[in-house]
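A short write-up of the structure that comes next.
The analysis underlying the following values was restricted to heavy atoms, covering all of them including side chains, and did not include hydrogens, waters or symmetry mates. This is a predicted model, so every value here is computed, not measured. Chain A is the first sequence line, chain B the second, and so forth, proteins listed ahead of strands; every chain is numbered from 1.
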Amino acid sequence: MPQSTLSPIQFQQLLLDWQKQQGRHDLPWQVNPTPYRVLVSEIMLQQTQVTTVIPYFLRWMERFPHIESLAVAAEDEVMSHWQGLGYYSRARNLKKAAQYILNECAGEFPTTLSELIKIPGVGRYTAGAIASFAYDSYGPIVDGNVKRLFCRFFGIEGIPGTSKVDKALWQKAELYTPNQNNRQFAQGLLDMGATICRPKTPKCDVCHFQPHCLAYTEQRVLQLPTPKPKKTIPLKTGHFLWLQQDGKLLLEKRNESGIWGALWCLPQLNSEPLQIQERTTKQSVLEKGQFKHTFTHYKLEAKVWTLDAVDSTPNPQQWFTAEQLTELGLPTPIKKFILKHL
DNA sequence: GACCCGTGGGC
DNA sequence: TGCCCAAGGGT
């Protein structure tokens with residue numbers, strides 16, 4: 001019955017009015033929104049909350065204030081500034097993006113959606129966000145906030161992330177995104193989703209869209225968006241090495257592929273270490289400690305072992321003092337373990 | 001389409 | 001505690 005009677009223009013006006021009064025205007029990346037600052041913030045904000053990103057963004061912009069400084073930076077220093085944010089391919093891609101813009105785009109930051117999406121690490125959402133926030137131009141965005149808001153407002157059923165539902169969501173985004181005031185419009189969508197149309201406790205009582213929201217008028221707000229079926233994550237066991245020498249700790253730089261890619265880490269073993277037999281001495285393997293860590297897609301239970309001999313591995317290894325450790329990008333649970341045991 | 005890729009906050 | 005969720009993208 002009462003399908004939303006709000007035209008795109010009416011929708012835009014309501015959202016812009018709300019954004020002007022109730023939206024966020026003082027986030028660090030909203031100040032001086034250059035393409036580079038918007039790019040950095042949007043990559044950091046992928047799957048990451050605003051309050052988590054803010055200190056990382058400020059530190060990043062201080063160390064890498066422009067594309068050139070990032071493009072020529074050493075990977076280890078880039079990774080150390082991302083340490084703790086997670087999804088480390090974002091950091092590697094951000095450096096690739098800087099090099100791409102300098103080398104392939106003659107230093108001219110791309111401006112169109114079709115060009116923006118070619119930047120490493122930039123997908124459909126981030127391209128739309130850069131168009132909106134950096135250039136104040138047409139750039140549809142569909143992120144977690146918009147998915148939730150649109151699924152409720154338009155009464156879209158089905159699981160977001162499936163091709164059918166996402167197609168419908170992007171279609172709505174393209175239709176309802178204006179050709180002016182794009183910066184405020186996009187910010188309004190995100191802020192509405194973050195502060196009003198929240199997952200668990202939406203503030204429908206103060207929502208300007210309330211009379212036009214299909215989910216609200218049909219009392220289905222908490223049923224939309226359709227929840228994903230939860231799957232059980234597997235348990236994996238890991239083994240790591242703790243080797244100290246002259247007050248230094250041995251670390252290993254991990255491969256770019258896989259978990260904790262390109263971070264420095266305690267050397268990881270393929271299996272539980274066996275007792276090492278040598279001609280003259282028996283070297284005992286001692287358990288230094290344990291830790292557990294839950295990722296998105298599996299749970300890790302790890303044991304850390306000490307021994308005297310250095311295992312040969314294909315990755316670069318290096319001894320670090322406690323002071324040097326602070327300048328490296330280390331996986332968060334590894335960093336915690338080291339600080340506890342060093 | 002399925003999987004991979006981190007971490008911290010909120011309840 | 002355990003679960004959901006967060007300004008997604010790459011393979």
By a strict heavy-atom criterion of less than 4.0 Å, which residues belonging to residues 328-342 of chain A are in contact with DNA chain C?
->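 The answer is none.
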Using OP1 and OP2 only, check whether a side-chain N or O of [X] sits under 4.0 Å from [N].
X: T51(A); N: dG8(B); answer: no
X: H297(A); N: dC5(B); answer: yes
X: K231(A); N: dC3(B); answer: yes
X: W82(A); N: dG6(B); answer: no
X: Y56(A); N: dT7(B); answer: no

Length of the line joining [X]:[atom1] and [N]:[atom2], which is rounded to integer Å:
X: L39(A); N: dG9(C); atom1: CG; atom2: P; result: 11 Å
X: F295(A); N: dC4(B); atom1: CZ; atom2: C1'; result: 12 Å
X: I54(A); N: dG9(B); atom1: CD1; atom2: P; result: 13 Å
X: Y100(A); N: dG10(C); atom1: OH; atom2: P; result: 12 Å
X: K299(A); N: dC5(B); atom1: NZ; atom2: P; result: 18 Å
X: Q83(A); N: dG6(B); atom1: CD; atom2: C1'; result: 11 Å
X: L263(A); N: dC5(B); atom1: CG; atom2: P; result: 13 Å
X: L300(A); N: dT7(B); atom1: CG; atom2: C1'; result: 14 Å

Any chance the rings of [X] and [Y] have centres within less than 6.0 Å?
X: Y138(A); Y: F185(A); result: no
X: H293(A); Y: F295(A); result: yes
X: F153(A); Y: Y216(A); result: no
X: F64(A); Y: W60(A); result: yes
X: W29(A); Y: F57(A); result: yes

Taking only the side-chain heavy atoms of [X] (C-beta and beyond), determine which of [options] contains the nearest atom.
X: S163(A); options: dC5(B), dA7(C), dG1(B); result: dG1(B)
X: N145(A); options: dC5(B), dC5(C), dA7(C); result: dA7(C)
X: Q49(A); options: dG8(C), dC5(B), dG8(B); result: dG8(B)
X: L45(A); options: dG10(C), dA7(C), dC5(C); result: dA7(C)
X: Q47(A); options: dT7(B), dC5(B), dG8(C); result: dG8(C)

Roughly how far apart, to the nearest Å, are dC11(B) and dA7(C) at atom P?
->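 15 Å, rounded to whole Å.
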Determine the interatomic distance between P on dT11(C) and the same-named atom on dG6(B); round to the nearest Å.
->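 Going atom to atom, P in each nucleotide, I get 14 Å.
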Flag if over 12 foreign heavy atoms under 6.0 Å of CD, Q244(A) =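 Counting other residues, nucleotides and ligands, CD of Q244(A) exceeds 12 neighbours.
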Q21(A), CD atom: more than 12 neighbouring heavy atoms under 6.0 Å =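 Atom CD in Q21(A) is crowded, with more than 12 foreign heavy atoms closer than 6.0 Å.
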Find the distance between SG (C197(A)) and CZ (F209(A)) and round it off to the nearest 0.5 Å.
->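 C197(A) atom SG to F209(A) atom CZ measures 9.5 Å (nearest 0.5 Å).
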Taking for each residue the nucleotide of DNA chain C bearing the nearest heavy atom, is the 5' side occupied by Q46(A) or by K230(A)?
->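 Nearest-nucleotide comparison on DNA chain C picks K230(A).
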First of L27(A) and G121(A) reached from the 5' end of DNA chain C, by closest nucleotide =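 This one resolves to L27(A).
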On a plain distance test, is the side chain of T48(A) in donor-acceptor contact with the base of dG8(B) below 3.5 Å?
->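 Checked by distance alone, the answer is no.
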Would you give me the side-chain donor-acceptor pairs under 3.5 Å for residues 332-342 of chain A, sequence neighbours excluded?
none

Looking across every strand, which nucleic acid part, if any, lies under 4.0 Å from V122(A) by heavy atom: base, sugar-phosphate, or nothing?
->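 Answer is sugar-phosphate: V122(A) comes under 4.0 Å of backbone atoms only.
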Tell me what R198(A) touches on the nucleic acid: a base, only sugar-phosphate, or nothing, going by heavy atoms under 4.0 Å.
->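 No contact.
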